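Bear in mind that the values here come from a model prediction, so they are computed numbers and not experimental data. Chain letters run A, B, ... following the sequence lines, proteins first, then strands; residues in each count from 1.
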There are 2 protein chains.
Amino acid sequence: MLQARRNGLPAYKRIQEVILKRIEKGELHAGDPVGSERELARAHRVSLMTARHALAGLERDGMVERRPGAGTFVAPPKIHFNKLMSYTEQMLGRGMAPCSKLLCAKMIEKEPEIAARLALAPNSRMVKIERVRQTQAEPFAVETCYLSADEFSDLISMSLATNSLFTVLLNRYGVNLGYADEQVDATGADKRMADLLAVPEGAPLLRIRQVIYSTTAKPTIYVLGLYRPERHTLFIRRYR
Amino acid sequence: MLQARRNGLPAYKRIQEVILKRIEKGELHAGDPVGSERELARAHRVSLMTARHALAGLERDGMVERRPGAGTFVAPPKIHFNKLMSYTEQMLGRGMAPCSKLLCAKMIEKEPEIAARLALAPNSRMVKIERVRQTQAEPFAVETCYLSADEFSDLISMSLATNSLFTVLLNRYGVNLGYADEQVDATGADKRMADLLAVPEGAPLLRIRQVIYSTTAKPTIYVLGLYRPERHTLFIRRYR
DNA sequence: AAGTGGTCTAGACCACGGC
DNA sequence: CCGTGGTCTAGACCACTTC
């Protein structure tokens, strides 16, 4: 019969999308059976192996659980550990309104240490964007982003107060972000930070240095974040 | 022909093991082709789908990279991000000698907040183990572990100065640790910590609270760690 | 053009779970 | 017992990369 490939999609992906949509719509809840391999194969008129491939993929993504001899069931909603999310996404995920104040958006050069983090030549021009993150009127973080000026020159003129940097990068430049390496430690607030974050000078702050890579493994953004510990905790899950 | 299942192993796992062993032995290096699906199928006398299944599994585990139209190649050795490792394992992995000083190992009770982290009744008895971690003579962390006294009562009499807690748990109690949830923030050193870590009072410290779960998802150890930031940085990789 | 991975078929037997 | 997922066969066509 050969794959019909309506939608241009492989059969196994079509099956996955049907199941995902049913979960999304609320037709299927955690613990509900999603249908056996044989059922799905019959319903979608594909072979067993193809239905199986579809379910195996969903299991790998943590969407379903397969229990030998029993069936395949919708997995309980996962807490997203170790996920790379923009500030906007993080806030919305917690049901809060993202709110930040732009401190500066300008060109810099001769910052060889920062350039090195982005794998650029030592004296490369870079865009620097500094923002205070806040909940209501209370500041809880200062985040400073650096990007290559060559690639993202007109970023400084964009409305980053209202748009997520991630979104701008994707829509304006077609850059998809893939993963990030973070370096976490603690430091004391200097005078300026103390002022911006409304804490005493020398107060302990959580410092996160983050290099965000595109899906093509190119270092794209360097972020230096300083967080008030009583207002921001980092959650990590480690696996054996 | 039916699967012969010598070794009692499925064919695809046998194929995986053969490849993994060749990498381990140094016969195959990063970038080397591991053989095409068709080659492997012929060599192991299995069908294409089975050889394919073997390679797909290795790819999921990050051991090989598959490039359509080109072939399947040994993946570059991966840095172990977000891995749950004992202090001993971490030190050995960096080529350093693990060294720690036991401050106390005793029974406690009436610590409802800690008991709650381990999903125990509020007034449960627990084992408390407090250790200073150091490189040479320089202290860089204080780690305090809590475990259920019911299950691990004779832990206090064991030689934790020489043995990894992870190892003791596995060998003595048959407990296999699976994953951990960490909560990271910053705090200031109180008088006692300042003393133990040889820093000024109020100095910023990285604080990591960790609940370590067994492979059966049972909360087993609660660890409170305080780290000197200039001597200890946390590395995390986040994925999109 | 030859070879590779990606998708797919239409069957098969096995071990295991729940009734 | 019957249905489930887990493994496997012996073929096939497609899109792609490499030469």
Side-chain angles (χ1 to χ4, degrees), chain A residues 1-20 23 28 30-76 215-216, chain B residues 1-20 28 30-76 216:
Chain A
M1 160 191 171
L2 295 202
Q3 61 263 41
R5 254 176 164 134
R6 344 173 222 287
N7 324 337
L9 273 180
Y12 78 96
K13 285 198 178 173
R14 282 200 331 261
I15 299 176
Q16 290 176 344
E17 290 202 348
V18 168
I19 295 172
L20 289 176
I23 296 173
L28 287 175
D32 291 352
V34 301
S36 72
E37 299 174 351
R38 287 157 182 86
E39 269 181 280
L40 289 171
R42 273 198 306 276
H44 291 87
R45 321 197 66 183
V46 297
S47 79
L48 243 185
M49 279 299 263
T50 302
R52 186 176 171 63
H53 187 26
L55 291 182
L58 289 178
E59 181 185 40
R60 191 173 41 83
D61 295 345
M63 298 306 302
V64 303
E65 284 176 11
R66 320 192 74 193
R67 289 206 293 278
T72 302
F73 308 88
V74 178
T215 43
T216 56
Chain B
M1 159 193 175
L2 295 202
Q3 62 263 40
R5 253 174 165 134
R6 348 175 218 286
N7 323 338
L9 273 181
Y12 78 95
K13 285 199 179 173
R14 281 202 330 262
I15 299 175
Q16 289 177 344
E17 290 203 347
V18 168
I19 295 173
L20 289 176
L28 287 175
D32 291 352
V34 302
S36 72
E37 299 174 351
R38 287 158 183 85
E39 269 182 273
L40 289 170
R42 273 199 306 275
H44 291 87
R45 322 198 65 180
V46 297
S47 78
L48 243 186
M49 280 297 266
T50 301
R52 184 174 173 63
H53 188 25
L55 292 182
L58 289 178
E59 182 185 40
R60 192 173 43 83
D61 296 343
M63 299 306 302
V64 302
E65 283 176 10
R66 320 193 72 193
R67 289 206 297 278
T72 301
F73 308 88
V74 178
T216 57

For a quick test of reading the model: is some side-chain N or O of B:Arg52 closer than 4.0 Å to OP1 or OP2 of C:dG6? yes

Under the side-chain contact (heavy atoms from CB on, under 4.5 Å) rule, what do B:Thr72 and B:Leu40 come out as? Steps first, then yes or no, please. CA-CA 11 Å; B:Thr72 301; B:Leu40 289 170; over 6 Å; no

Length of the line joining A:Leu40:CG and D:dG3:P, which is rounded to integer Å: 16 Å

Distance in Å, A:Gln16 CD paired with A:Leu9 CG, rounded so as to fall on 0.5 Å steps: 10.0 Å

So if I take every side-chain heavy atom of B:Met49 and compare against C:dT9, D:dT7, C:dG6, which nucleotide ends up nearest? C:dT9

Measure NE2/A:His44 against P/C:dT7 and give the value in whole Å, please. 17 Å

Kindly point out which of C:dT7, C:dG11, D:dC8 is positioned nearest to the side chain of B:Thr50? D:dC8

Given atom NZ of B:Lys13 and atom P of D:dG6, what is their separation to the nearest angstrom? 11 Å

Nearest heavy-atom contact between B:Ala75 and B:Ala30 is O-CB, 3.9 Å

Please state how far atom CG in A:Leu9 lies from atom C1' in D:dA15, giving the value in whole angstrom units. 16 Å

From the candidates D:dA10, D:dG6, C:dT9, the one with an atom nearest any side-chain atom of B:Ser47 is D:dA10

For B:Leu48 and C:dG5, what is the distance between atoms CG and C1' respectively, to the nearest whole Å? 10 Å

Distance-only donor-acceptor hits, side chain of residues 49-71 of chain B, under 3.5 Å, sequence neighbours excluded:
from    : atom 1 : to      : atom 2 : distance (Å)
B:Thr50 : OG1    : B:Ser47 : OG     : 3.4
B:Arg52 : NH1    : B:Glu37 : OE2    : 2.5
B:Arg66 : NH2    : B:Glu37 : OE2    : 2.6

Please report the distance, rounded to the nearest Å, between NE2 in B:His53 and P in D:dT9. 11 Å

Value for CD1 (B:Ile19) from CD (B:Glu17), rounded to nearest 0.5 Å, stands at 11.0 Å

Expressed in angstrom and rounded to an integer, what is the separation of A:Phe73 atom CZ from D:dG3 atom C1'? 11 Å

Which one, C:dG5, D:dT9, D:dC8, comes nearest to the side chain of B:Tyr12? D:dC8

Nearest-Å distance for atom pair CG/P, residues B:Leu55 and D:dC8: 14 Å

Pairwise N/O distances under 3.5 Å, protein to nucleotides 2-4 of chain C:
from  : atom 1 : to      : atom 2 : distance (Å)
C:dG3 : N2     : B:Gly69 : O      : 2.9
C:dT4 : OP1    : B:Ser36 : OG     : 3.4
C:dT4 : O2     : B:Gly69 : N      : 3.4

